[in-house]
Structures are given as C-alpha cells and as structure tokens.
Asks: 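My questions all concern the structure below.
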Amino acid sequence: MSTPEETTTSHRYTSELAGDIERRWQDRWDAEGTFEAPNPVGDLAGDVAGEKYFIMDMFPYPSGAGLHVGHPLGYIATDVVGRYRRMQGDNVLHALGYDAFGLPAEIHAVQTGEHPRTNTVSNIANMRRQLRRLGLAHDPRRSFATIDPDFVKWTQWIFLQIFDAWYDEEQGRARPISELVAEYEAGSRTAPDGAPWSELAPLERRLLIDSVRLAYVDESPVNWCPGLGTVLANEEVTAEGRSERGNFPVFTRNLRQWKMRITAYSDRLIDDLERVDWPESVKNMQRNWIGRSHGARVTFRVEDAATSFDVFTTRPDTLFGATYAVLAPEHELVDTLTTEAWPEGTPQLWTNGLATPAEAVAAYRATAAAKTDLERQENKEKTGVFTGSYATNPVNGAQIPVFIADYVLTGYGTGAIMAVPGGDQRDWEFAEAYDLPIIRTVEAPEGVEGAYPGEGPAVNSAHGDLDINGLGIEDAKAAVITWLQQHGAGEGTTTYRLRDWLFSRQRYWGEPFPIVYDELDQPIAIPESMLPVDLPDVPDYSPKTYEPEDALSNPEPPLARADDWVNVTLDLGDGPRTYRRETNTMPNWAGSSWYELRYTDPHNPDRIADPENERYWLGPRKDGETGGVDLYVGGVEHAVLHLLYARFWHKVLFDLGHVSSEEPFHRLFNQGYIQAYAYTDERGTYVPADEVEERDGGWFHGDKPVNREYGKMGKSLKNIVTPDEMYDAYGADTFRVYEMSMGPLDVSRPWETRAVVGAQRFLQRVWRLLVDEESGELRVDDAELDRDTLHVLHTTIDGVRADMEHLRFNTAVAKLIELTNHLTKVGVSSRAAVEPLVLMLAPLAPHLAEELWSRLGHTESLIRAPFPVADPAHLAASSVTCVIQVLGKVRGKIEVDPAIGDDELTELALAEPNVVRSIDGRDIRKVIVRAPKLVSIVV
C-alpha cells in the first residue's frame with residue numbers, strides 16, 4: 001500500500017500523526033470508561049439519566065482471515081449513530097460480542113487437529129484488535145462470545161424453557177408444561193382419544209406431554225446432506241436444493257431429530273411485522289417464507305383401505321375438476337394405500353412396467369429419494385406411479401386414482417394434493433402423460449391452451465345439492481367450503497409454508513443439548529443446577545461424511561464417539577442412574593437467537609437478564625409498542641434465518657414472562673455492501689488488484705491487458721484491502737470518513753483505494769483551520785462571524801442533524817466539506833465556527849475531533865458534549881443570486897437581498913453592465929420580475 005505524498009511540515013495531519021492521535025485517544029477512552037453504559041441495577045448500575053438508546057450490530061463471526069474493508073461498514077455506521085445519540089444526551093448501549101460456534105472453526109480443527117476453541121479465541125483477539133483500532137465506541141464490559149461457559153449455560157437454559165413449554169391455542173401463547181399437567185390431573189383436559197389422565201400409564205403420559213412440547217424429538221422428513229455429514233434446516237438449503245455452505249446436494253430423509261415448534265407462532269410472526277420498523281422488503285421475505293394461505297382442507301376417503309387423507313387447497317371451487325390425487329412418495333399413508341395387486345383394468349402406463357404396486361412404489365420411492373426438492377419441482381418430465389387405490393371425490397362421488405409423484409413434496413401442505421389439470425399446468429402435464437381426464441371448472445377465454453388458473457365463472461361444477469355454475473371464484477369458494485363443512489367432508493382452514501425448525505446438527509463445535517435419555521429412550525431435561533453441559537474432548541472433530549450423492553447414508557456425530565461422556569451416571573431426583581446424553585449439538589443459530597438480552601446484563605449469574613435491566617433497555621415505551629432494540633444494523637441475507645429464529649425465541653420468552661418486550665428488534669436497517677474490482681489475465685487467473693493500472697482506455701498488469709470484473713472481495717480474487725492497510729496509510733478517521741461518504745448506507749458501492757485520499761485531504765483542511773502546520777500552535781480567534789458565514793454554518797448544522805437522524809452519512813460528510821471549504825476560502829478560524837464544526841465531525845472522525853476539542857481548551861471528552869443546534873434566525877439566506885435574461889438568454893447575474901421588491905430589483909437589473917450592452921439602446925417592451933431570483937427583459 002503506497003502512502004500519499006507527505007511534506008516535511010512538522011505538524012501536518014499525516015497518517016503517522018493520525019495514528020499517534022488515534023492510539024492515544026483509544027487508550028484514554030479505555031482508561032476512563034468513556035463508553036460504559038450504566039444499568040438501572042446490578043453490577044453495572046449507575047446514573048441512567050437521559051433517554052436510553054440500544055444500538056446493535058449483527059453478531060460477527062470471528063474468521064481466521066480477519067477483516068477486509070467491507071466488513072466494518074455497518075460497524076462504523078452504528079458507531080456514528082451511537083456517538084451522535086450520546087451527544088443528544090442519551091444513555092447509549094452499544095457493545096459487540098462474537099458468534100463463535102460454527103462450521104469454519106470445526107473445519108479448521110479437522111484440518112489441523114487444533115481444538116476449535118484455540119483457533120476461535122485467537123480469531124476473536126485479532127478481530128478485537130482490528131476493531132479497537134477503528135475507534136468503535138463499544139462498552140467493553142458487555143462483550144462476550146457464544147462459547148463462554150456462562151453464555152452456553154443460558155443458551156441451554158433457554159432451550160429448557162422451550163422444552164418445558166407448550167402452545168395453548170385457546171390463549172394464543174406458550175405456557176409451562178407444568179400447567180398442562182395440572183389441567184390433566186384436575187380432569188379439565190383429557191387425551192386426544194378421550195382417555196382421562198388417571199387411566200394413562202406413566203409412559204403414555206410422557207408421550208402425550210412430549211407430543212406438544214415446543215422443543216421435541218421427531219422422526220420425520222429432514223434435509224440430509226451426506227457431503228457435510230449433517231442435517232440442515234430448510235433455511236440453510238438453497239433454492240437449487242443444495243447446502244448453503246459447501247454447495248453439496250441435499251436429500252429428504254426420515255431421521256430422528258430435535259425440532260422447535262416455530263409453526264405455532266406463524267400468525268404472530270406475520271401479524272407482528274406490522275408493529276416493527278423494518279424495511280418492507282425484509283417483511284415480505286418473512287411473509288413469503290411463512291407462506292400463510294387461506295383455503296379449505298378436503299377429506300378424500302379410500303373405502304378399500306378403510307382410511308382417508310386430507311389435502312389443502314386454496315381453490316376449493318375447482319373440486320369438480322379433481323380427476324386424480326397425488327401423494328408425496330414419503331407420505332405416511334403410501335404403504336397403507338399400496339394394494340397387493342393391480343386393480344382390474346389398470347392401464348399399463350400407470351404401473352411403470354412392474355408386476356405389483358409394491359414393487360412399483362418401492363422403485364419409484366428410491367428414485368425420488370435421490371433427487372433434491374428443486375429437481376423434483378422443476379422436473380419437466382412428469383413421473384409417478386399408481387398405488388392401486390382409488391379415493392372418492394366428496395363433491396360428486398367420482399372414484400379417482402391415487403398416485404405418488406415426486407412433484408409433490410411432503411414438507412408442503414399436507415403432502416397430498418387433489419390434482420385439477422384444468423387449472424394447474426403441472427397437473428395438466430401429468431394428466432397428459434398418464435392419460436387422465438381433464439375437466440375445466442372455470443370458463444377459459446377463447447384460444448387458451450393448457451391449464452387456465454385465471455378468473456372466470458364456474459363451469460362443469462354441479463352435482464346433487466351443490467351447484468356453483470356461473471359463480472365467480474370467491475363466491476364459488478365460499479359455497480363449496482360451506483357444503484364441505486355441512487357434509488363432514490372438510491372445512492375452511494389456513495395453511496403455512498413454514499415448517500418446524502430443525503434444531504439438530506451432527507457437529508462437534510456447538511452447544512450440547514441439556515438432555516439425557518433414560519432406559520426407555522425418552523428425553524429428560526438436565527436440571528438448571530447442572531448447567532452448563534460442556535463439550536467433551538474428542539479424538540476426531542469431524543462428523544462422518546459420505547459421498548455427496550449417497551442419499552441413503554446415516555448421520556454419525558463426533559460426540560457419539562466420546563463413550564465416557566455419552567454414558568453418564570446422574571442423580572436426577574430418584575437416585576443415581578445411568579443415562580445416555582444427546583450426541584447432536586445445537587445449530588450455530590442458537591446463540592444469536594437471544595444475544596440482545598445478554599448485552600443488557602452480561603454478568604448476571606442468576607438469570608439471562610435482571611427484569612429491570614431488560615425492561616429498561618428493551619421494554620416498550622408506551623402501550624401497543626413491541627419494545628426491542630432501538631436500531632439493529634446488518635445484512636439482508638439473514639431475513640429468514642437469524643431474524644426469524646430470534647423473533648421466535650423472544651416471543652416464547654415473552655409468553656413465559658422472562659422478558660417484557662414482544663419483539664427483539666424494533667428498528668432494522670440493512671446496510672449495503674462494499675464490493676471491489678477483480679482482474680484476470682488471458683489465462684483467467686486473478687492478478688493482484690493493487691498492481692493493475694488504468695491507461696489507454698483499458699486495464700493493465702505490467703505490460704499485459706487484463707479483464708475487469710465487479711463483485712465481492714476475497715483472497716482468491718486477490719482484491720482484498722484490509723483495515724490495517726488503511727490505518728497505516730491514512731489513519732482510522734480517514735478510513736471511517738471515506739466509508740461513510742461513499743454513498744447511501746443501504747446501497748452497495750465499489751471500493752476505490754485511490755479515492756481514499758480525498759477523505760484525508762478533507763480532514764487535513766479541518767486540521768489547518770485550527771492548527772498551524774509549522775508551529776503546531778492553535779490558530780483560532782474569537783472574531784465574530786459575518787452574515788454569510790453564520791448562514792453557511794447554521795444551514796450546515798440543520799442539514800447534518802437531519803442527516804444523522806436518517807442515517808444519511810454521505811450527505812452529512814458532503815455538508816461538512818462545504819462548510820470547511822467556505823471557512824478556508826474566507827479565512828475564518830473563529831471559535832464560533834470551528835467549535836461547531838469539530839462537534840459535528842466528532843461522530844464521523846472521533847479521534848481527530850477529540851484532539852482538536854482538547855486543543856481548543858476543553859479538558860473533558862466531547863463524547864457527551866451537546867451536538868450543535870441551528871439558530872433559525874441564520875437559516876434564511878443573506879443573499880440570493882438573481883438571473884437576468886434578455887430575450888430568453890442569460891445576460892447577467894447579481895446578488896440581492898432575499899426580501900428585495902420588484903421595483904428595486906428591476907432597477908438593479910437594468911443597470912447591470914452586461915445587460916446594458918445586450919439591450920444596446922433598443923426599446924424595452926416588457927420586464928417580467930420573479931423576485932428575488934429572476935428578471936426577464938423583452939426588447
């Protein structure tokens with residue numbers, strides 16, 4: 001990194017001087033506890049005067065590669081906000097912890113044999129060093145990592161609260177399991193089959209209770225990734241059906257795993273989005289992911305198998321067009337519906353050429369299991385096989401064949417569909433492929449080919465006492481739902497795309513579950529007194545991985561190999577007994593689902609946070625508000641992962657009375673990204689970006705032309721620039737100002753190292769206004785400001801204040817540059833002008849501002865000095881420019897008083913020398929005056 005040219009002037013604001021100033025002020029801030037935010041109670045208690053303001057950055061993961069210049073963008077922005085709010089008199093909580101469990105550290109451990117904790121702690125230390133050098137105003141007392149034993153303890157404790165809770169649909173909230181048991185014991189509730197509690201055996205009671213817990217073990221279809229050796233949550237699988245990390249294929253398998261009943265909160269998770277200040281795009285991502293749909297549940301009876309299955313449809317008005325049904329290959333009723341022999345007259349096309357339904361179904365299931373969900377849904381060639389069973393269409397009594405087909409997924413709806421080929425193109429294609437009837441139930445416009453899902457009157461839709469012909473879609477829906485309910489064939493209902501959160505990982509480096517299993521293989525919670533459950537040492541950190549396409553492989557987590565840890569003798573209240581520990585670990589989302597709470601009371605040994613501290617920092621300020629963090633800044637990529645999970649955990653804790661806030665984050669802001677150019681030579685090999693020169697309309701590496709591409713920074717792209725390089729070459733304040741000036745905070749922007757010098761020159765001009773570069777002496781005077789300068793100063797104050805409030809830091813920097821240029825141009829170094837300038841600069845370039853504030857004679861830090869307030873008397877312009885036109889062409893400009901009258905303005909305009917020359921003695925026909933900005937003369 002080349003350093004900008006520097007003169008030998010002894011007191012010039014150079015990168016070296018900036019570095020000295022920055023380190024000195026960072027040490028002083030630490031020594032004086034400048035950024036410590038007091039709590040109402042507890043070990044961090046203090047004077048909590050002023051409004052509280054809780055600001056957060058999304059949890060960083062401490063990578064071994066350290067930071068590049070793109071990473072600190074959001075951290076600088078939140079730091080600017082926090083410093084501004086302190087100058088407004090607020091009590092600001094701003095801290096930074098580390099999301100330290102996860103796959104990268106485990107991969108490093110597998111590759112090197114070094115314990116993940118060792119590498120992670122080292123990475124955290126490096127990241128703390130880099131961020132401290134940036135001058136971030138964090139309260140260091142509140143920092144933690146998710147791997148800290150006391151943090152693990154409370155993560156496990158929250159899991160137990162969720163495990164020991166159930167969702168009461170009648171009350172619309174989670175309640176403790178103990179209250180459910182009490183209702184069973186009192187006889188106010190009975191088992192789903194009507195059996196009273198007193199008649200249930202102990203194991204039956206346990207299974208009944210376990211079936212409604214918010215955290216539960218379930219054998220059901222999950223996303224199995226053989227290449228990673230672990231299962232994944234839906235949110236960790238890409239739209240292409242591959243793992244988000246590693247890009248391995250993901251398959252659907254039935255496995256016994258921990259889940260969380262996030263679906264119980266579907267409506268609240270959608271409805272409460274209206275109550276938070278989030279970008280509409282993120283709200284829509286969550287709404288779409290939850291996928292609430294209103295329609296009908298329809299029951300199709302299969303008489304020969306003495307059973308039935310339900311389908312959900314948003315178009316019950318099309319039931320008369322349901323000519324066959326399809327179950328997902330994994331559906332639980334497939335074995336029941338698979339007949340011993342093909343019914344008489346079964347078309348050969350439906351059998352896939354196999355002798356029996358059992359053979360055909362087994363073969364088809366094996367083929368489907370090897371496909372990803374995306375492959376199944378995008379498969380152009382529709383495939384399936386007949387089960388041998390027929391179901392009854394409830395509205396007309398028609399017997400329709402039941403198929404299994406891979407285009408139906410068990411994870412969506414009920415895992416079964418009524419196929420209406422006249423209204424759905426996929427069903428149309430399947431019906432054509434298998435020679436099945438196609439009946440239109442909505443009148444299609446003339447010339448329509450294929451399925452028609454649009455608007456129109458109902459047709460071919462009458463039987464017995466149900467006739468909806470001629471009705472529009474909404475009226476037809478209502479009529480069919482009413483009929484289904486009257487005849488016990490279905491009901492109006494709502495379904496959701498969201499599925500319960502898969503919470504098990506076959507990993508070592510994660511929080512152990514505080515769960516053991518007894519001799520009946522039933523889960524038992526570890527008592528709070530035994531928390532945290534620590535990870536054991538293991539000889540091998542890697543889960544057993546398989547060939548990426550080995551869909552039938554099975555998970556084998558590393559903890560399963562630690563026999564002495566897995567098989568443990570504990571006294572859980574009925575004497576010492578041997579138990580088996582859970583060998584899966586929690587996903588890396590666990591710690592980030594509640595960390596905002598720990599910031600409020602980070603050292604509390606007795607609870608996640610004292611209620612008074614939690615209520616102070618997160619509680620709602622008035623009735624109807626949700627409460628939550630005042631400003632949360634981070635990337636939009638977490639819209640349906642971390643943000644959805646954190647909202648779920650927080651709502652459970654709210655229901656159980658552990659927190660006063662209904663939402664974790666009240667205001668969300670998604671910052672853009674800093675991207676960079678990368679360059680490849682003729683072989684497609686990346687060359688170092690800082691060695692590329694632009695000339696002759698192209699880019700060259702040495703003498704050879706190279707191609708330029710635009711995107712992310714990365715080591716492999718050879719275009720990384722580190723904050724350390726910026727600190728050395730320019731200083732942290734220059735780096736901060738440059739990143740904040742690059743463009744709107746929510747828009748991605750390209751990094752350009754050569755442009756950083758512009759931010760440095762701005763700070764140097766500020767320095768020269770106050771400090772003599774030869775002597776180092778303060779060159780400020782107490783002169784009164786002229787009218788023009790007062791106007792420029794107070795207009796800047798007014799504008800910068802508005803920019804700070806709305807996170808428009810790029811325009812705030814631009815306004816400060818304009819003010820500095822004005823003061824430099826007119827030679828003003830009056831205290832009345834430079835002190836407000838220093839205060840306005842403080843959130844953006846805090847070290848320089850502190851240094852100048854000190855040199856101005858102030859002994860206290862400016863961290864809580866009042867931010868300047870504009871005087872309305874000086875906001876009106878002292879003069880405006882009036883444009884003078886002759887025959888529509890500009891012939892002159894004059895500075896005039898904003899309050900000037902038409903007559904006076906006309907007189908001045910006609911006397912302007914250029915205007916006199918343009919008129920050249922001709923008669924003036926008309927003078928149009930638009931005081932004070934325009935005079936138009938017609939000759």
Asks: Less than 4.0 Å between a side-chain N and a carboxylate O, is that true for Arg24 and Glu851?
Replies: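 Judged by the 4.0 Å cut-off on N to carboxylate O distance, Glu851 and Arg24 do form a salt bridge.
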Asks: Examine the side chains of Glu709 and Tyr686 and answer whether a donor and an acceptor come within less than 3.5 Å of each other.
Replies: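 Side chains of Glu709 and Tyr686: pair found under 3.5 Å.
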Asks: Counting N and O atoms only, with roles assigned by atom type, does the side chain of Gln675 sit under 3.5 Å from a partner on the main chain of Tyr710, one being a donor and the other an acceptor?
Replies: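 Here the side-chain-to-backbone pair does not exist.
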Asks: Check this for me: does any side-chain nitrogen of one of Asp27 and Arg23 sit under 4.0 Å from a carboxylate oxygen of the other?
Replies: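 Here Asp27 does not pair with Arg23 in a salt bridge, since their nearest N and O are not under 4.0 Å apart.
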Asks: Scan side-chain atoms only and decide if Asn247 and Arg242 contain a donor-acceptor pair under the 3.5 Å cut-off.
Replies: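 Note: Asn247 and Arg242 side chains meet the donor-acceptor criterion.
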Asks: Mark yes or no: Arg801 above the aromatic ring of Phe867, with NZ or CZ under 6.0 Å from the six-membered ring centre and no more than 45 degrees from the axis.
Replies: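 Geometry flag: not set, cation outside 6.0 Å or 45°.
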Asks: Could you check whether His847 and Trp29 have their ring centres less than 6.0 Å apart?
Replies: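 Yes, close enough.
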Asks: Look at the aromatic rings of Trp589 and His638 and report parallel, tilted or perpendicular, splitting at 30° and 60°.
Replies: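 It falls in the perpendicular class, over 60°.
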Asks: Report yes or no: do Asn284 and Asn288 form a side-chain donor-acceptor pair below 3.5 Å?
Replies: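 Result is no, nothing qualifies.
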Asks: Is Glu236 salt-bridged to Arg245, going by a charged N under 4.0 Å from an acidic O?
Replies: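 Salt bridge: no.
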Asks: Using the test salt bridge (Lys or Arg N to Asp or Glu O under 4.0 Å), find all partners of Asp277 that sit at least two apart in sequence or belong to another chain.
Replies: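 Listed in chain order: Arg667.
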Asks: Under 3.5 Å, is there a donor-acceptor pair between the side chain of Trp767 and the main chain of His11?
Replies: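 Flag set: sc Trp767 to bb His11 pair under 3.5 Å.
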Asks: Under a 4.0 Å threshold between the charged nitrogen and the carboxylate oxygen, would Arg85 count as salt-bridged to Asp630?
Replies: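 Here Asp630 does not pair with Arg85 in a salt bridge, since their nearest N and O are not under 4.0 Å apart.
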Asks: Say whether, by atom type as modelled, one donor and one acceptor occur between the side chain of Asp746 and the main chain of Gln671 under 3.5 angstrom.
Replies: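 Checking the backbone N and O of Gln671 against the side chain of Asp746, no donor-acceptor pair under 3.5 Å is found.
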Asks: Which residues satisfy the salt bridge (Lys or Arg N to Asp or Glu O under 4.0 Å) test with Asp681, sequence neighbours excluded?
Replies: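 Only Arg683 meet the salt bridge (Lys or Arg N to Asp or Glu O under 4.0 Å) criterion with Asp681.
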Asks: State, without any angle test, whether Tyr508 and His115 hold a side-chain donor-acceptor pair at a distance under 3.5 Å.
Replies: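 On atom types as modelled, these side chains qualify, holding a pair under 3.5 Å.
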Asks: Please check this pair: side chain of Trp278 against backbone of Phe665, looking for a donor-acceptor N/O pair closer than 3.5 Å.
Replies: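 Yes: the side chain of Trp278 pairs with the backbone of Phe665.
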Asks: Going by atom types only, do Glu805 and Tyr84 share a side-chain donor-acceptor pair under 3.5 Å?
Replies: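 Yes, side-chain donor-acceptor contact under 3.5 Å.
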Asks: Could you check whether any side-chain N or O of Trp853 sits under 3.5 Å from a backbone N or O of Ile863, counting only pairs where one atom can act as donor and the other as acceptor?
Replies: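 Side chain of Trp853 to backbone of Ile863, a donor-acceptor pair under 3.5 Å: no, none is there.
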